[in-house]
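Residue numbers start from 1 in every chain, and the chains themselves are labelled A, B, ... in the order their sequence lines are given, proteins ahead of strands.
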Amino acid sequence: MKRVFLAACAAAVASVTVVGCTTAAAGPVSEADAARVDAAQADTAATERAVTDAEQVLVDKARELLIEDCMAAEGFRYRPVPVAGVEERQGSGYVLDDVGWAREHGYGTELQDRLVAILQDDTNNAYANALPKAERLRYSKALDGDASADMLTAELPMGGAIQTPADSCVAHAKGELYGDFAAWFQAEKVAANLVGLYADDLVADERFETVLAAWSECMRERGHDYPDPPAIREDLPRLTDGLSDEKALDVEQELAVAEAICATRETSLVSTTRDLESEYRGRLWQYRDDVITYQRLQHAAVEQAREILAAEPAPSN
Amino acid sequence: MRKISILLATLGLVVTGALFPVASAQASAACDTAWNAATPGRFGAFEDIHCAGVLGSDADDDPNWADSVGSFQGSDNDKASSLLHKGNSGLAVRVWSDANYRGNFGCITKDEKYVSDLHDNYLTGGTDKFRAWDSISSHEWVSEAYCYGAFLS
């Protein structure tokens with residue numbers, strides 16, 4: 001997930017801002033709801049910006065170091081797992097918003113494949129698998145917790161709940177970073193799962209339909225006849241079938257650059273969608289507290305991570 | 001072989017993709033046992049709830065559970081009723097309702113360990129919900145960032 005802060009009314013690409021800057025409502029809003037939205041908007045100053053991808057990278061790296069320490073205290077070797085970099089966290093949204101990134105990575109297929117391969121090639125697995133059975137079990141429970149023991153439960157915005165072990169080295173590491181693992185788990189599961197509550201309404205919004213039509217026309221003029229960005233992604237397997245990796249990347253890059261240019265320079269698809277997303281998220285006043293908690297804990301984690309990484313001896317080459 | 005991930009589902013609307021439970025998740029002693037015994041780095045699927053009746057496990061992707069290639073084959077298609085994730089930090093397994101990473105999808109992350117009963121879950125990815133049980137036809141490992149998010153990015 002790309003987390004970018006755009007000042008003032010641009011509000012944020014993937015931020016979990018509580019309110020938007022546009023006030024026009026596409027659908028009817030009750031007086032009570034409107035009052036709550038107004039109250040939420042008044043709290044804008046109380047919310048923080050979403051953390052950037054670069055900041056999240058720091059948090060993830062610090063988490064791995066904390067897990068390493070925790071596992072060492074349990075008597076196990078744990079090598080910090082590589083974390084996704086800034087570039088690898090881009091490109092997963094509805095439409096590409098960075099022409100430079102698109103020019104280099106296309107739709108990011110190679111980038112993601114490489115990241116997954118690195119993460120799958122985790123030497124910790126070989127280490128764990130080489131342990132005697134009883135120790136392997138203890139390793140597993142120390143690292144990831146025991147699901148038959150104490151579990152945390154988070155209620156999800158679209159219904160239901162999700163659980164995670166309350167006690168493990170992963171939980172401990174996140175607790176150190178975020179200050180309160182239970183609060184983080186609840187807030188993060190809510191904030192990261194709000195999109196399903198408004199995506200349908202957003203794409204049915206007349207303002208979105210208008211700008212999407214302009215984007216599609218821009219693409220058609222460039223020789224790419226697609227109704228929307230997801231249609232390109234659906235078509236990629238056909239377009240790249242049988243091609244070498246190099247040729248396939250060429251195909252991706254051409255389309256991705258056109259998509260991003262049409263979305264950012266030739267039309268206002270990206271900026272309009274940002275504003276709409278901010279507006280629709282702003283209506284979800286009932287999740288405001290979780291979102292504020294999510295942002296507050298994220299920033300606390302960034303500060304913690306900076307301290308942890310600063311205390312870490314520089315790697316020797 | 002180059003793998004093309006379809007980043008968004010057919011209708012391409014919702015980027016988020018937790019396996020949405022429709023009821024409260026229940027801890028499962030049987031899935032605990034299965035998870036503890038599972039090989040680190042692998043994803044597993046089961047024909048029955050509570051991690052019973054192994055369909056297969058995989059450290060890689062499988063774009064088609066109905067074909068004769070990969071860890072899941074033939075009759076494994078549209079059979080899974082429970083899942084477990086014993087993969088690596090930062091990786092989620094995205095399961096899809098159709099082959100070749102199409103249709104509706106859901107994600108299971110390492111934090112969640114397992115889904116003991118897919119009857120309590122649905123897949124998303126479009127404008128509608130889709131049952132999660134007896135529906136999975138392909139799976140892929142993705143970075144967790146591809147399972148959560150906002151609409152735009």
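In terms of heavy-atom pairs under 4.5 Å with chain B, the best-connected choice from A/A126, A/A84, A/G145, A/A128 is A/G145. Between chain A and the residues B/G41, B/C31, B/A37, the largest count of heavy-atom pairs under 4.5 Å involves B/G41. When each of A/V170, A/L143, A/L137 is scored by its heavy-atom pairs under 4.5 Å with chain B, the top score falls to A/L137.
Closest approach of B/S143 to A/V116, counting heavy atoms only: N-CG2, 4.2 Å. Considering every non-hydrogen atom in both B/W35 and A/S140, the closest pair reads CZ3-OG, 2.8 Å. Minimum interatomic distance between B/K113 and A/D144 (heavy atoms only, all atoms of both residues): CE-O, 3.3 Å. In terms of heavy atoms, B/R102 sits closest to A/E234 at NH2-O, 2.8 Å. Of all the heavy atoms in B/L91 and A/Q120, the pair that sits closest is CD1-CG, 3.6 Å.
Contact of A/K133 with chain B is not made at all, since no heavy-atom distance falls under 4.5 Å. Of the two parts of A/L119, the backbone and the side chain both hold a non-hydrogen atom closer than 4.5 Å to a non-hydrogen atom of chain B. With a 4.5 angstrom heavy-atom cutoff, A/V83 does not touch chain B via any of its atoms.
Remark: the backbone N or O of B/T39 is not paired with any side-chain donor or acceptor of A/R136 at under 3.5 angstrom.
With sequence neighbours excluded, the residues satisfying side chain to side chain contact (heavy atoms under 4.5 Å, CB included) with A/A260 are A/L96, A/V99, A/A102.
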